[in-house]
Amino acid sequence: MSKAYDIALENLTGAGARATVKPAPLPLRGISDAPADAKSFYIETFGCQMNDHDTEKVEGLLLARGYQAVATPAQASLVLYNTCSIREKAAQKVFSRIGDWKTLADGKIVGVLGCVAQQEGEDIFERAPWVSLVCGSASYTKLPDLLDQVEAGNKRVTGLSLDIDETFETELTRRDNRYRAYITIIEGCDYSCSYCVVPKTRGPERSRRSDSVLDEARRLADSGFTEIQLLGQTVNSYRDPSPRGMDFVGLLRAIADVPGVRRVRFTTSHPNDFHQGIIDAIDEVPALCDHIHLPVQSGSTRILKAMRRTYTRDEYLEKIAAIRAARRPISLTSDMIVGFPGETEDDFQDTLTLLAASQYDGVYSFKYSPRPNTPALSMDDAIPEEEKSRRLAALMDHQRQIQIARNDALIGQSFEVHVDGHNPQKKIWGGRTSCNRLLNFTSPLDTLLGTYVSVRVTRAGANSLFGEHAV
Ligand code: 5AD
Ligand code: SF4
């Protein structure tokens with residue numbers, strides 16, 4: 001999926017005020033000006049949080065092999081692109097990047113990882129003969145061997161099998177954020193939404209053993225991470241493959257119990273696997289964050305059927321009602337696609353009324369993009385581009401008004417913020433609430449990074465809040 005996994009409210013629907021505080025830069029662990037003869041790498045990542053985290057793992061693997069990270073692709077002996085093909089634009093960007101090395105790749109190893117690699121396969125070598133490695137995410141367990149081959153000078157090295165039941169685990173993972181760590185608990189997807197490339201690019205669903213997930217959570221907590229974000233394309237479809245047989249809720253509760261873990265998030269949930277047990281766990285366990293990302297995609301039952309989403313509008317709204325009935329307020333975000341083939345004005349109006357009924361705190365909205373090897377590609381009644389744009393703008397406007405009203409209602413309330421950003425010039429700190437809102441604030445204190453503080457909201461925009469540290 002796309003960046004949708006990062007429920008960064010400042011990036012959600014509505015132009016809104018952008019965050020004024022950037023997350024604190026990490027010390028460039030492992031980044032150096034490598035001597036010309038040293039093995040060095042540069043990875044550019046496109047797409048979703050799953051990709052971001054895959055990159056962290058690949059970086060760990062490369063560091064363990066003696067590579068050094070460098071700050072620009074020009075300095076690197078190995079340049080990798082971890083790619084996304086969820087929409088056409090994302091895929092096009094990758095080809096323009098690879099094109100940069102047409103005349104400059106001499107002596108450099110250029111590789112394509114991720115969804116475009118899986119989708120285009122060996123065709124990439126035809127289009128860009130200077131690329132020597134093409135590997136989809138389902139084959140990352142084979143990367144050490146594939147890297148041996150490219151390092152030995154082999155061209156056209158591929159990892160394209162989808163017939164893999166392991167998950168990708170590494171001894172060493174480089175962490176981009178020093179406060180919040182990702183753990184992938186389930187890879188691939190067994191749904192078959194008619195617009196989506198993921199089942200073909202990431203392969204069938206594979207859950208990771210609960211003992212391995214819990215070991216990683218303990219190691220992260222021991223090394224100072226207090227917030228853990230569980231990742232999966234359909235994270236709540238998790239089923240422990242080990243004899244312990246934990247379900248998703250069992251795993252959530254067990255991770256929240258790990259000493260040192262203060263916050264647990266998870267994304268993306270599929271409505272079909274979303275049930276009361278998850279809401280009860282959030283109600284009962286303070287460490288489980290009060291935020292759920294539950295993509296609906298469309299408000300029209302007719303379009304949901306054509307999308308093969310496996311639920312109707314009413315069934316989805318029943319889940320929303322159950323979430324709203326929770327004892328603590330739970331923030332809700334969603335993904336929406338406009339302009340799916342055959343979407344009439346009435347269908348689109350259903351989407352707008354669903355927005356009003358769901359009262360989301362943020363929505364990632366997209367124009368339908370036809371993708372290769374997906375059932376929707378051959379559907380009739382394509383919606384013209386201008387009409388898709390009109391619907392997208394109307395949806396965003398609608399949602400922006402909802403967010404303004406919802407955020408306004410928070411003025412005067414206090415929230416616990418996990419501080420991860422600081423703008424020393426403006427003397428502003430920033431971080432996330434448990435409900436995943438971005439909250440920027442002033443404070444009389446000057447060492448707050450990584451801590452949890454109580455902040456009273458004094459102002460609200462469509463996409464972020466502003467407040468004062470209540471010392
Ligand atoms: N066109 C537009 N949006 C898409 N998404 C997935 N496939 C497509 C497509 N072909 C969106 C869905 C998904 C999000 C990550 O990307 O809304 O939830
Ligand atoms: Fe794609 Fe649907 Fe699977 Fe999500 S659930 S990754 S949209 S096929």
Side-chain angles (χ1 to χ4, degrees), residues 26-32 34 37-73 75-84 94 108-118 131-154 156-162 164-178 181-188 201-203 206 208-209 212-213 215-217 219-220 223 225 228-229 231-232:
L26 277 183
L28 294 179
R29 267 177 302 165
I31 300 226
S32 65
D37 58 342
K39 293 199 294 186
S40 56
F41 72 91
Y42 180 90
I43 307 186
E44 185 176 1
T45 310
F46 301 83
C48 63
Q49 286 173 314
M50 295 282 285
N51 265 13
D52 287 341
H53 185 45
D54 281 345
T55 291
E56 291 182 330
K57 292 195 263 187
V58 171
E59 286 175 341
L61 206 127
L62 292 170
L63 292 170
R65 285 174 78 89
Y67 279 83
Q68 291 179 14
V70 286
T72 66
Q75 292 168 280
S77 62
L78 171 67
V79 177
L80 296 175
Y81 295 99
N82 189 2
T83 62
C84 169
V94 173
K108 225 182 247 310
I109 300 170
V110 179
V112 182
L113 308 179
C115 290
V116 173
Q118 191 67 49
V131 168
S132 47
L133 171 68
V134 171
C135 180
S137 65
S139 300
Y140 288 165
T141 47
K142 298 203 182 117
L143 265 179
D145 176 45
L146 303 179
L147 286 166
D148 283 347
Q149 294 180 45
V150 283
E151 284 167 5
N154 290 358
R156 302 193 162 213
V157 175
T158 56
L160 293 170
S161 170
L162 286 177
I164 283 170
D165 47 17
E166 299 150 344
T167 51
F168 179 39
E169 296 176 29
T170 47
E171 292 290 317
L172 176 71
T173 298
R174 203 180 85 87
R175 302 278 169 182
D176 271 347
N177 181 310
R178 73 174 108 144
Y182 294 132
I183 304 183
T184 302
I185 63 166
I186 176 168
E187 295 177 11
T201 57
R202 286 192 166 265
R206 301 146 342 252
R208 191 171 154 194
R209 291 174 60 99
S212 157
V213 173
D215 277 352
E216 186 168 357
R219 279 200 310 272
L220 288 167
S223 58
F225 289 94
I228 287 186
Q229 178 156 0
L231 294 181

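We use all heavy atoms of the structure for the numbers below, so side chains are in, but hydrogens, waters and symmetry mates are not.
Between I185 atom CD1 and S212 atom OG the span is 11.5 Å, to the nearest 0.5 Å. Distance CG/L133 to CD/E151: 10.5 Å, rounded to 0.5 Å. Going from atom CD1 of I43 over to atom CG of D52 covers 11.5 Å, rounded to the nearest 0.5 Å. Remark: K108 NZ to S77 OG distance equals 7.5 Å, nearest 0.5 Å. To the nearest 0.5 angstrom, I186 atom CD1 is 10.5 Å from T167 atom OG1. Between the CE atom in M50 and the CD atom in E187 there is a gap of 5.5 Å [rounded to 0.5 Å].
Between the side chain of N82 and the backbone N or O of N51 there is at least one donor-acceptor pair closer than 3.5 Å. Proximity of a side-chain donor or acceptor of Q49 to a complementary backbone N or O of L231 within less than 3.5 Å is not detected. The closest donor-acceptor contact from the side chain of S40 to the backbone of Q68 lies at 3.5 Å or more, if one exists at all. Formation of a donor-acceptor pair under 3.5 Å by the R174 side chain with backbone atoms of L62 is not found in this model. Remark: side-chain polar atoms of T173 are not paired, donor with acceptor, to backbone N or O of E56 under 3.5 angstrom. Here the side chain of K39 pairs a donor or acceptor atom with the backbone of R65 at under 3.5 angstrom.
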For this session: Check the pair E169, R206 against salt bridge (Lys or Arg N to Asp or Glu O under 4.0 Å), reporting the backbone distance first and the verdict last.
Result: CA-CA 12 Å; E169 296 176 29; R206 301 146 342 252; over 6 Å; no

Exercise. Given F168 and V58, is the side chain to side chain contact (heavy atoms under 4.5 Å, CB included) satisfied, shown in steps?
Worked result: CA-CA 10 Å; F168 179 39; V58 171; 4.1 Å; yes

Problem set entry | Working for side-chain hydrogen bond (donor to acceptor under 3.5 Å, both in side chains), residues S137 and D54 | CA-CA 8 Å; S137 65; D54 281 345; 4.8 Å; no

Exercise. Could you walk me through whether N177 and Y182 pass the side chain to side chain contact (heavy atoms under 4.5 Å, CB included) check?
Worked result: CA-CA 9 Å; N177 181 310; Y182 294 132; over 6 Å; no

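Scanning both residues, Y81 and V110, for their nearest heavy atoms gives CE1-CG1, 4.3 Å. In this structure, S139 and L160 approach most closely via the heavy-atom pair OG-N, 3.6 Å. The two atoms that bring H53 and I183 nearest to each other are NE2-CA, 4.1 Å, heavy atoms only. Closest of all the heavy-atom pairs between A138 and T141 is O-OG1, 4.4 Å. Scanning both residues, C135 and L143, for their nearest heavy atoms gives SG-CD2, 4.2 Å. Between A64 and L172 the shortest heavy-atom distance is N-CD2, 4.0 Å.
Annotation: side chain of S161 is in contact with side chain of K142 (closest heavy-atom distance under 4.5 Å). Residues Y140 and L113 form a side-chain contact, since some pair of their non-hydrogen atoms from C-beta on lies under 4.5 Å apart. Within the 4.5 Å cutoff, side-chain heavy atoms of L147 are placed close to those of L78.
The aromatic rings of Y67 and F41 stand perpendicular to each other, their planes meeting at an angle above 60°, with 30° marking the opposite boundary.
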